[in-house]
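Encoded as structure tokens, the structure appears first; notes follow it.
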Amino acid sequence: MTPLERAGLALLHRMAPERAHGLSLTALRAGLVPLPGAITSDRLATDLAGLALPNPVGLAAGYDKNAVALGPLARAGFGFVEVGAATPRPQPGNPRPRLFRLSEDRAAINRFGFNNEGMVAIGARLAARPEGAVVGLNLGANKDSADRAADFAAVLAHCGAHVDFATVNVSSPNTERLRDLQGRAALSALLAGVMAARAGLARPIPVFLKIAPDLSDAEIDEIAGVALEAGISGIVATNTTLARGELTSRHAGEAGGLSGAPLFARSTRVLARLSVATGGRLPLIGVGGVGSAEDAYAKIRAGARAVQLYTALVYGGLGLVAQIVQGLEGLLARDGFANVAEAVGTGRDEWV
């Protein structure tokens, strides 16, 4: 981390978390954050459901909810960027405060509730996205929707022409009863609607499903079966958790989804279980607690073709991206892997 970035992070950490979040986006758009540009090599370049990624380290949804900083984020060293979640209609989300730093735990708790400007505004920005970057959209549902399953298809139909992939987010813990859509019948119907919307696009794109970490092995196996039957392109494991475990921060008891370092083991176990359940037939994206090259490598060896991070940036800054990508290349070389694909799943047995 550069001295400038260290000073910037210290300043942000003196502010309320949500204000700091907004200011970080403003600084990024203003060109105040040093950006390394694309980072790639023959060893790092990889394929994710037909997407050619320069490296397997992506930005998770939730940071740039409204797609306002696509240009700078495309130059931040990520292999791919996911924005959103977007819902059909704008919505304010849950009351503030709704974001909490757990600095002692290198974690965060949020209960945003899909606050966003809606698919029309977000879609317009995606239509003007920078060339060359791999950009995806997280699909959400309005809190007061009469048909939440239809909301996911509506957002895809409206925005799908302007993104490279889409993620169906039925696993946020901050919209009441949203996770109920992970059950077999509800999920099958929802995915059928989304896949029908995808079929209506001039350029069908990969569609991923993002699941919760708070699932039993039986539920994971069931979701894997539904995903394979539906013909989706892959699974993102995982979203934030409602579990708490051993936390030391004074904010540990706040309601909402926990992300960051404490989520790593839980999310990686779900990832490995999914890898077994899908038998390698679906590419997996590992999310949850990635804060170092070693973490990213562990996710890949547990079965992920690519990884995403977000909360670690709160503590390590955007400079962390280059550190992780370059460190990952070193780990792959150390263990004799010519590329990312060769390492996928090689450490899965350590988690299941």
Side-chain angles (χ1 to χ4, degrees), residues 46-51 53 56 58 60-61 82 136 138-139 149 152 165-173 178-195 198 206-243 257 259 263-290 295-308 340-352:
T46 193
D47 177 274
L48 177 67
L51 300 171
L53 305 183
E82 185 173 343
N138 194 277
L139 313 177
F152 295 95
F165 68 93
T167 301
V168 178
N169 186 352
V170 294
S171 51
S172 169
L178 183 71
R179 288 188 172 189
D180 291 353
L181 294 174
Q182 293 177 120
R184 173 177 281 279
L187 186 58
S188 293
L190 185 155
L191 292 178
V194 169
M195 296 304 284
R198 186 184 83 152
V207 171
F208 303 126
L209 172 67
K210 190 168 190 175
I211 68 168
D214 308 316
L215 298 167
S216 67
D217 286 352
E219 290 170 326
I220 293 168
D221 293 348
E222 183 174 77
I223 287 173
V226 171
L228 288 165
E229 291 168 6
I232 66 167
S233 309
I235 300 177
V236 182
T238 66
N239 212 316
T240 58
T241 181
L242 291 171
S259 60
L263 179 57
F264 178 80
R266 177 182 289 265
S267 63
T268 307
R269 281 194 293 270
V270 172
L271 170 68
R273 178 75 188 194
L274 268 176
S275 181
V276 173
T278 58
R281 289 172 288 173
L282 280 180
L284 306 176
I285 302 172
V287 194
V290 174
D295 293 338
Y297 189 44
K299 296 276 190 188
I300 290 167
R301 294 188 67 244
R305 300 272 185 93
V307 303
Q308 290 177 310
V340 174
E342 286 186 1
V344 173
T346 56
R348 185 177 64 190
D349 291 348
E350 299 170 17
W351 295 94
V352 295

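Keep in mind that this is a model prediction, so the values were computed, not measured.
- Side-chain atoms of Pro213 and Leu263, non-hydrogen and from C-beta on, do get closer than 4.5 Å to each other.
- In this structure, Leu191 and Leu187 have side chains that are in contact, with non-hydrogen atoms separated by less than 4.5 Å.
- Side chains of Thr167 and Asn138: a donor-acceptor N/O pair is absent below 3.5 angstrom, by distance only.
- Side-chain contact between Val287 and Val307: absent, with no pair of heavy atoms (C-beta onward) separated by less than 4.5 Å.
- Going from atom CD1 of Ile232 over to atom CG of Leu209 covers 4.5 Å, rounded to the nearest 0.5 Å.
- In this structure, Asp295 CG and Thr268 OG1 are separated by 8.0 Å, a value rounded to the nearest 0.5 Å.
- In terms of heavy atoms, Thr46 sits closest to Pro56 at CG2-CB, 4.0 Å.
- A pairwise comparison of heavy atoms in Ala302 and Arg348 identifies O-CG, 3.7 Å as the closest pair.
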Is there a side chain to side chain contact (heavy atoms under 4.5 Å, CB included) between Leu228 and Arg281? Walk through the geometry before answering. CA-CA 8 Å; Leu228 288 165; Arg281 289 172 288 173; 3.4 Å; yes

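- For the residue pair Leu282 and Ala227, the shortest heavy atom distance occurs at CD1-CB, 3.9 Å.
- Residue pairs meeting the salt bridge (charged side-chain N to carboxylate O under 4.0 Å, His left out) criterion with at least one partner in residues 297-308, sequence neighbours excluded, are Arg301-Glu350.
- Note on ring orientation: taking the six-membered ring where Trp is involved, the planes of Phe165 and Phe208 are tilted (angle from 30° to 60°).
- For Ala304 against Gly286, the heavy-atom pair with the smallest separation is CB-N, 3.6 Å.
- Side-chain contact between Leu215 and Ile223: present, with at least one pair of heavy atoms (C-beta onward) separated by less than 4.5 Å.
- Contact of the Lys210 side chain with the Val168 side chain is not registered, since no non-hydrogen atoms from C-beta on lie closer than 4.5 Å.
- Sequence neighbours left out, the pairs with a member in residues 224-243 that pass salt bridge (charged side-chain N to carboxylate O under 4.0 Å, His left out) are Arg184-Glu229.
- Between atom CD1 of residue Ile285 and atom CD of residue Glu82 there is a gap of 7.0 Å, rounded to the nearest 0.5 Å.
- No donor-acceptor pair closer than 3.5 Å links the side chain of Ser188 to the backbone N or O of Ala185.
- Pairing each heavy atom of Ala272 with each of Trp351, the nearest pair is CB-CB, 3.5 Å.
- For Asn239 (side chain) and Ile211 (main-chain N/O), no donor-acceptor pair under 3.5 Å exists by modelled atom type.
- Between the side chain of Ser275 and the main chain of Gly303, no donor-acceptor pair closer than 3.5 Å is present.
- The nearest pair of heavy atoms linking Ser233 to Arg198 is OG-NH1, 3.6 Å.
- With values rounded to the nearest 0.5 angstrom, Glu219 atom CD is found 9.5 Å from Asp217 atom CG.
- With rounding to the nearest 0.5 angstrom, the CD1 atom of Ile235 is 5.0 Å from the CG atom of Leu274.
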